[in-house]
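Excluded from the calculations below are hydrogen atoms, water molecules and symmetry mates; all remaining heavy atoms, backbone and side chain alike, are included. Per chain, numbering begins at 1; letters A, B, ... match sequence-line order.
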Amino acid sequence: MDNSQIAKVFYQIAEFLEMKEENPFKIRAYEKAARTIESYSKPIMLFKSKEELEKIPGVGESIAEKIIEILNNGACRFLEELKEEFPPEILTLNEIPGLGPKKSLQLYKELKIKNIQDLEKSALSGKIRNLKGFGEKTESAILKGIELKKQYKGRLSIGTALPISLEIIESLKNKIKNLLISEAGSLRRRKDNIGDIDILASGDNNKLIIESFIKLPLVKELKVKGETKVSILTLDNLQVDLRVVEKESFGAALQYFTGSKQHNIELRQMAESKGFKINEYGIFKLKSNQKIAGAKEEEIYQVLGLPYIPPEIRETGEEIKIALKDQLPNLINLKDLKGDLHFHSNYSEGVNTLEEIAASGQEFGYNYIALTDHSQSLKVANGMPPEKLKEQIKKIRALNKKLKNFQILAGAEVDILIDGALDYPDNLLKELDLVVGSIHSHFKQDSALLTKRICKAMQNPYLNIIAHPSGRLLGEREELNLNWEEIFKTSAETNTALEINAYPQRLDLKDLYCREAKVYGCKFAVSTDSHNINSINSIKYGINVARRGWLEKTDVINTKSLKELLIWLKSKR
DNA sequence: GCCGTTTTCGGCCCGACTGTTTTCAGTCG
């Protein structure tokens, strides 16, 4: 039972209570608890008692009891009772843009609509337009929403969203002089998956910005158009929202639209207690309504007496309390990295030669790249038998003699076999500079066996890094069912680093686990797992994860100089 | 339902846009 599953129970409770027109603050309390749990820095299932749970902000007696119940029984009675009052599928109606709890309930009461299929039927036969508060436009918006939902299940990965937003920002910059523009929302916070793309802009002529935006070639359809806000659908049916504000409000608006929701709520509450009011136009004195700042985002935090809080850690509001104590981490930056520790060549399933990889590493500004081709068992990826690995090591050593200020490290991505043994014998591993271990088979083992398997591998004195530890593939494969407490303990004890795999579909270890693992004293390696030198750039997605996981330069081993790194790698042997 | 350097009771962030209205509710972020 992970945090998002627990959070989902409370989101659903909130939605049902909204239909019942319960006290709105009670509804918000459930939503708040759900949001906090969803992005909590620790797996909730590790909490043992009600008292411990009540220390989570937004979780009081009642919700703590329900969490215990969920952890013990896998379900919550209160939610089950609500599901008996309404058909449970009715919540899926709320997923259609424009439909919220009120309208969904009305559709159920007046037209017996219980699910998306019923909804589509009624809309097609023109029954919906006659309901009070609905009309023709609402009806056709519903049909459009259903079509889009059929096409797009789930959210958008950051690997898809970021390039699109950069493209939009660049083309607007080229068209308009003196333009202030930035991505906002969860994209700016660099979440691994996002709902839609938010962009904020400001310039000398705001009308022109909106007109230029809706004329961009990637725009398929205009959804909403006001004086300060437009929403479009791209040719790929992704929603992009543009907000336009005056220059003197750009910072306040950027703060506001970056969120998270919870971060903003708590920031505003804090502002009020200090006699200020914040909105997207600036920060004001509560009494006189006099504007104090708003052009720069930093000013908002400054006025409140806070250090600047980086967007990547603006999540639960906890960061505000830590900022107040001046205990924010000094987050790692891309430029801190000295090399990449997971890279494939044409010896296994990569496409490039050693020389090409060395050249692109140097060009990128690295001091080293570790070559880590697959081991013998992984036949699908052209895993190397020992002889071939030995040949590769020789070739690497020879190549290094010709290189200046840059080295290729001889490594391997070795399969962790079903019993936790490694896929090469120790006397071969000994020849390598670095060994990455990973699981590519038997994912379905039970939790205890899988955990033991990885922990046993970490005991091997030659294994330095566990690659993509959770094995998840976003939108495709769930993460492995592991006892993370054990994994983190063993990783710290054995000096085995955990990889943050930067491949946008993996982003594994994920942000929450990074933060938790750091508490145990684990070290990390941020690597691309590149199969092609063109993806050397995707390291930035790994840095995003590390920053969201509150990691600092010293937590990550590939910020070390080559010399320091080699010492660290050998220290385990 | 949660929470407290004003409070154990009485508050709880704030504004834009749309569609269907005739002054505003619902939805969204």
What is the separation between atom [atom1] on [X] and atom [atom2] on [N], rounded to the nearest whole Å?
X: A:Lys132; N: B:dC24; atom1: NZ; atom2: C1'; value: 11 Å
X: A:Ile67; N: B:dC2; atom1: CD1; atom2: P; value: 10 Å
X: A:Ile37; N: B:dG1; atom1: CD1; atom2: P; value: 14 Å
X: A:Ile128; N: B:dT20; atom1: CD1; atom2: P; value: 12 Å
X: A:Lys103; N: B:dT21; atom1: NZ; atom2: P; value: 10 Å
X: A:Lys137; N: B:dG19; atom1: NZ; atom2: C1'; value: 8 Å
X: A:Asp198; N: B:dG29; atom1: CG; atom2: P; value: 8 Å
X: A:Ile265; N: B:dG15; atom1: CD1; atom2: P; value: 14 Å

*Whichever of A:Gln239 and A:Leu286 has its nearest DNA chain B nucleotide further upstream toward 5'*: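 Between the two, 5'-proximity favours A:Leu286.
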
*Would you mind telling me which residue lines up with the more 5' stretch of DNA chain B, A:Pro57 or A:Lys277, judged by nearest nucleotide?*
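The answer here is A:Pro57.
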
Of the options [options], whose atoms approach the side-chain atoms of [X] most closely?
X: A:Thr138; options: B:dC28, B:dT20, B:dC17; answer: B:dT20
X: A:Glu280; options: B:dC12, B:dC13, B:dA16; answer: B:dA16
X: A:Arg243; options: B:dT27, B:dA16, B:dG1; answer: B:dA16
X: A:Pro101; options: B:dG1, B:dA16, B:dT27; answer: B:dT27

Strictly below 4.0 Å: does [X] bring a side-chain N or O up to OP1 or OP2 of [N]?
X: A:Asn279; N: B:dG15; value: yes
X: A:Ser62; N: B:dG1; value: yes
X: A:Ser273; N: B:dT6; value: no
X: A:Arg28; N: B:dC13; value: yes
X: A:Lys26; N: B:dG11; value: no

*Row check, A:Tyr513 ring normal vs A:Lys510 NZ/CZ: under 6.0 Å, within 45°*: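 Judged by the rule, A:Lys510 and A:Tyr513 form a cation-pi pair.
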
Considering only atom [atom1], compute the distance from [N] to [M] and round it to an integer number of Å.
N: B:dG10; M: B:dT6; atom1: C1'; value: 12 Å
N: B:dT7; M: B:dC2; atom1: C1'; value: 14 Å
N: B:dT18; M: B:dC13; atom1: C1'; value: 22 Å
N: B:dT21; M: B:dG26; atom1: P; value: 13 Å
N: B:dC12; M: B:dG19; atom1: P; value: 32 Å
N: B:dT5; M: B:dG1; atom1: C1'; value: 24 Å
N: B:dG15; M: B:dT8; atom1: C1'; value: 33 Å

Within the structure shown, what part of the strands sits under 4.0 Å from [X] by heavy-atom distance: base, sugar-phosphate, or nothing?
X: A:Gln269; result: sugar-phosphate
X: A:Tyr30; result: sugar-phosphate
X: A:Glu272; result: nothing
X: A:Asn264; result: nothing
X: A:Pro24; result: nothing
X: A:Glu136; result: sugar-phosphate
X: A:Lys32; result: nothing
X: A:Leu99; result: sugar-phosphate
X: A:Leu267; result: nothing

*Under a 4.5 Å cut-off applied to non-hydrogen side-chain atoms, are A:Val245 and A:Thr228 in contact?*
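With C-beta onward as the side chain, the pair stays apart.
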
*Heavy atoms, side chains only, cut-off 4.5 Å: are A:Leu91 and A:Phe16 in contact?*
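Yes, side chains in contact.
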
*Donor-acceptor pair (no angle test) under 3.5 Å: A:Asp241 side chain, B:dG29 base*: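 Under the 3.5 Å cut-off, the side chain and the base do not form any donor-acceptor pair.
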
*May I ask you to verify whether the side chain of A:Tyr281 and the base of B:dG15 hold a donor-acceptor pair under 3.5 Å?*
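Side chain to base: no pair below 3.5 Å.
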
*Heavy-atom count around A:Glu52 CD within 6.0 Å, excluding the residue itself: above 12?*
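It does: A:Glu52 CD has more than 12 such atoms within range.
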
*CD (A:Glu85) with more than 12 external heavy atoms under 6.0 Å*: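 For A:Glu85, atom CD is crowded (more than 12 foreign heavy atoms under 6.0 Å).
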
_Both distances below 3.5 Å, Watson-Crick or wobble geometry, any strand: find the nucleotide opposite B:dG1._
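Partner of B:dG1: B:dC12.
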
*Determine whether the side chains of A:Gln255 and A:Asn264 contain a donor N or O and an acceptor N or O closer than 3.5 Å.*
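A donor-acceptor contact under 3.5 Å links the two side chains.
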
*So, A:Lys8 versus A:Ser4: side-chain donor-acceptor pair below 3.5 Å or not?*
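No, because no side-chain N or O of A:Lys8 sits under 3.5 Å from a partner of the opposite role on A:Ser4.
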
*Can you run down the side chain to side chain donor-acceptor pair (under 3.5 Å) pairs that involve residues 163-182 of chain A, sequence neighbours left out, and say none if there aren't any?*
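For residues 163-182 of chain A: A:Asn178-A:Asp204.
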
